[in-house]
Amino acid sequence: MTAPEAPAEIPDRSASDLTPATPEDAAAVAAPGVHDAEIDRLFGAGGPLGGAVGSYRPRHAQTEMAKAIATAIAGQGTLIAEAGTGTGKTFAYLVPALLWGGKTIVSTGTKTLQDQLFNRDIPTVRKALHAPVSVALLKGRSNYVCHFHLERTLQNGRLTAREDVGYLREISRFVKSTSSGDKAELTKVPETASVWNLVTSTRDTCFGAECQYYQDCFVMKARKEAQQADVVVVNHHLFFADVALKDTGIAELLPSANTVIFDEAHQLPDTATLFFGETISTSQILELCRDVLAEGLSHARDGADWARLVAPVERAARDLRLAFSEDSVRLALNQIAPSSTFFPALDTLKDCMDDMIAVLEKQAERAETIEQCRDRANELLRQLENWGTPEELEKIQAEAAAKAAKPAEAKRAESGDEQQEPSGQKPFYVLWVEAFQSSLQLHRTPLSIAPIFNKQREGTPRSWIFTSATLAVKKDFNHYAAQMGLWNAPAQSWPSPFNYGEQGILYVPQNLPQPNSFEYTDAVIDAALPIIEAAGGRCFFLCTTLRAVNRAAERLRAEFEARGHAFPLFVQGEAGRTELLDRFRAAGNGVLIGSQSFWEGVDVRGDALSLVIIDKLPFSPPDDPVLAARISEMEKQGLNGFVHHQLPAAIINLKQGAGRLIRDEGDRGVLMICDPRIITKNYGRRIWQSLPPFKRTREQEVVQAFFREQDARRAAAAGEGAGPEQH
């Protein structure tokens, strides 16, 4: 994407400008130092953490961060806490949480980090502090084996892949020995194996208390343990799925929680948007039709002509997909031509669903599975009812806005507060369609999650901690605070302890074409090849599109072969992320090419990774209907969509990618950003000032000399290791 030109001067409001947002936040700021002395002792050189962790060394930033979190917990306030790589933010929030947090929910970015916290980090801190706290791990229901669905699968044997037969046997053995039922414990069966879908439940297919296996249910057991535990470890998807669906057990946990900590909090806006929105696809409707036909014939053959009942629904769903001739299209509702067949096809589908539901209502009592089909059909129709012509929906939104405004106005009048809510507080939705080869998805995405998330934070006072290595743009937290509705919440940033000026170089090559030019990816590869050779492989090649990943893989494979380089090539999509990373680490001189999933949450320390190449600044694609709607709304409020949304979002994403390079005090490396806009555009300065303070160069020879020095250092270290034995 070619970003629009930004104004020459970009206002910079730093964290120091932010003031407490609520009385609770004010209390947290006004009463510092409640536990400062104790934290100094715990994190000090002779403290208990040093005895528990062999490699532990006191870090000023870590200690200060722990004090700020302890203060927020004491005052039941909110804190946005950015801590650079290597600060040790996990211990900085765990120590205050375990000692003073009361009932605490810790939410992480991924299930992998969740397992790491539960199995390694919390036990370490708990042991060091001698803290008598109980800890539970809670995941979504799809992570636990379901006794009912396992038994049914063993009986009917409908398996789609040959290897699933062996996997099913392993799962059957596992259930007899496990106490948790968590599939992460069963490493013999890959997490991606299709058999897992057959032996786990969903919200729609769970019978709850009516299930014959309810007393042994792993999901219910995990939820019960979470209810009773002092600290519960969840992940963001689980947290927000619960807020949206009330189906993860957190609904019961949250009222009793004193402290909620979000680690990897930069992921929250995207995760919350996903769950606060709705998506319905023609594939779901066709799958429902197949189930209605199967269950109707099995349990109520005489109740209806089931084939004739589902046929119109299937036809209407396929006609809806055929409203768009292209195989790949993303359009906002207002971009669909009024004359499009989409609108009459949508009305037809609603009518046909209505007819099918009428029959399911009459037959539901004959079998639980038919009742489930009826409930699914009602839910799908409810979502379809949110769709119509832009004129119809504009009228509905206007009525909803007027209705929502009345209580707010009354509340302001009652309190005498004439202040308006901050901009972006209207809970409006963007409706957009996405066409694939054989299906159509209808998305309803909130324009802003701020009002919805704020509503979840109302009620019982508690402390909310948001922490990550990437929340600010040059110490300015306004973009993140606005996304989450954390208006003027206290925010602090602590720098990384790494010596970036000594440990690395930021290299921006010269003479590259503009990123929107046809030959751009090939030009990037031409510039990257001599640097990859100088580094001896040891490289992450991070791309902003899958097309660039495929082109880079094709070119580098051919170039390595032609030049006689034995650099193993690992390409996203050729294996799972964990497997690719394990193989990359083991190789020692590999080149890994990946897109978004490798920009964050990836930790490779040591010499195996010495070069990170980023092909383009990660601006969101210009055809994103949600982005277009958000920018349009911001511009109505007199804001610049590029300055206030696109640029800060790209910088935070870029900081994540750049953060892959230096993961330890001994790491050395080069960050190569190929996009010339970081130099030529007037917003480029804001970008590189937000990155770690590497030495900067545009000269290829400087980078090659850096890698020669690293080679010499490694050779010297190897020579010392191979020297004569000392007695």
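Computation of the quantities below employed the complete heavy-atom set of this structure, encompassing side-chain atoms and omitting hydrogens, waters and symmetry-equivalent molecules.
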So, does [X] use its side chain to make a donor-acceptor pair with the main chain of [Y] at under 3.5 Å?
| X | Y | answer |
| --- | --- | --- |
| R59 | P497 | no |
| R538 | G588 | yes |
| E170 | T187 | no |
| R321 | F324 | yes |
| W196 | P190 | yes |
| S468 | L471 | no |
| R330 | E434 | no |
| E287 | S283 | no |
| T697 | E699 | yes |
| R677 | K616 | no |

Atom pair [atom1]/[atom2] of [X] and [Y] - distance to nearest 0.5 Å:
| X | Y | atom1 | atom2 | value |
| --- | --- | --- | --- | --- |
| I651 | S690 | CD1 | OG | 4.5 Å |
| T445 | L627 | OG1 | CG | 12.0 Å |
| L486 | I80 | CG | CD1 | 4.5 Å |
| Y480 | T470 | OH | OG1 | 9.5 Å |
| E554 | L569 | CD | CG | 12.0 Å |
| L542 | M672 | CG | CE | 12.5 Å |

Which pair of heavy atoms, one from [X] and one from [Y], lies closest together, and at what distance?
| X | Y | value |
| --- | --- | --- |
| S180 | Y144 | O-CD2, 3.4 Å |
| C539 | L609 | C-CD1, 3.9 Å |
| Q656 | H266 | NE2-CE1, 3.1 Å |
| F541 | A528 | CE1-CB, 4.0 Å |
| I449 | P269 | CD1-CA, 3.9 Å |
| I662 | G669 | CD1-N, 4.1 Å |

Of K475, K655, K474, which is the lone residue that meets salt bridge (Lys or Arg N to Asp or Glu O under 4.0 Å) with E82? K655
Any side-chain heavy-atom pair from [X] and [Y] closer than 4.5 angstrom?
| X | Y | answer |
| --- | --- | --- |
| L556 | I525 | yes |
| N589 | P568 | yes |
| F642 | L647 | yes |
| T545 | T521 | no |
| L113 | N235 | no |
| D476 | R686 | yes |
| L529 | R563 | yes |
| I531 | F707 | yes |

Within a radius of less than 6.0 Å around [atom1] of [X], do more than 12 heavy atoms belonging to other residues, nucleotides or ligands occur?
| X | atom1 | result |
| --- | --- | --- |
| E561 | CD | no |
| Q437 | CD | no |
| R714 | CZ | yes |
| R698 | CZ | yes |

Between F262 and F239, ring centroids under 6.0 Å: yes
Taking the six-membered ring for Trp, are the ring centroids of H479 and H645 within less than 6.0 Å of each other? yes
Applying side-chain contact (heavy atoms from CB on, under 4.5 Å) between L238 and each of T108, L138, T271, report the one that passes. L138
Would you check, one step at a time, whether the test side chain to side chain contact (heavy atoms under 4.5 Å, CB included) holds for V591 with F560? CA-CA 11 Å; V591 174; F560 290 170; 3.9 Å; yes
E574 vs R557, salt bridge (Lys or Arg N to Asp or Glu O under 4.0 Å): CA-CA, chis, key distance, verdict: CA-CA 14 Å; E574 293 182 355; R557 195 169 272 120; 3.3 Å; yes
Restricting to salt bridge (charged side-chain N to carboxylate O under 4.0 Å, His left out), what partner residues turn up for D615, sequence neighbours left out? none
Using the rule given for side chain to side chain contact (heavy atoms under 4.5 Å, CB included), can you reason through V604 versus R663, listing the C-alpha separation, both sets of side-chain angles and the distance that settles it, and then say yes or no? CA-CA 7 Å; V604 179; R663 306 297 299 173; 5.9 Å; no
Could you please spell out the steps behind the side chain to side chain contact (heavy atoms under 4.5 Å, CB included) verdict for Y93 and V106? CA-CA 10 Å; Y93 67 71; V106 180; 4.0 Å; yes
State whether [X] and [Y] are salt-bridged, where the test is any N-O pair (Lys NZ or Arg NE/NH1/NH2 against Asp/Glu carboxylate O) under 4.0 Å.
| X | Y | answer |
| --- | --- | --- |
| D675 | K681 | no |
| R668 | E709 | no |
| D667 | R605 | no |

Tell me which one of H237, H236, E264, Q267 satisfies side-chain hydrogen bond (donor to acceptor under 3.5 Å, both in side chains) with S107. H236
Would you call the rings of H565 and F567 parallel, tilted or perpendicular, where under 30° means parallel and over 60° means perpendicular? parallel
Ring geometry between F453 and F240 (parallel below 30°, tilted from 30 to 60°, perpendicular above 60°): tilted
Any side-chain donor-acceptor pair under 3.5 Å between Q710 and D607? no
Quiz question: by atom type and distance under 3.5 Å, do the side chains of S595 and Q572 form a donor-acceptor pair? yes
For K183, enumerate each residue passing the side chain to side chain donor-acceptor pair (under 3.5 Å) test, keeping only those at least two apart in sequence or located in another chain. none
Starting from the C-alpha separation in whole Å, work towards a yes-or-no answer on side chain to side chain contact (heavy atoms under 4.5 Å, CB included) for Q510 and I679. CA-CA 10 Å; Q510 302 181 58; I679 302 295; over 6 Å; no
According to ring pair (Phe, Tyr, Trp, His ring centres under 6.0 Å), does anything in residues 573-611 pair up with another residue at least two apart or in another chain? List the pairs. F540-F584
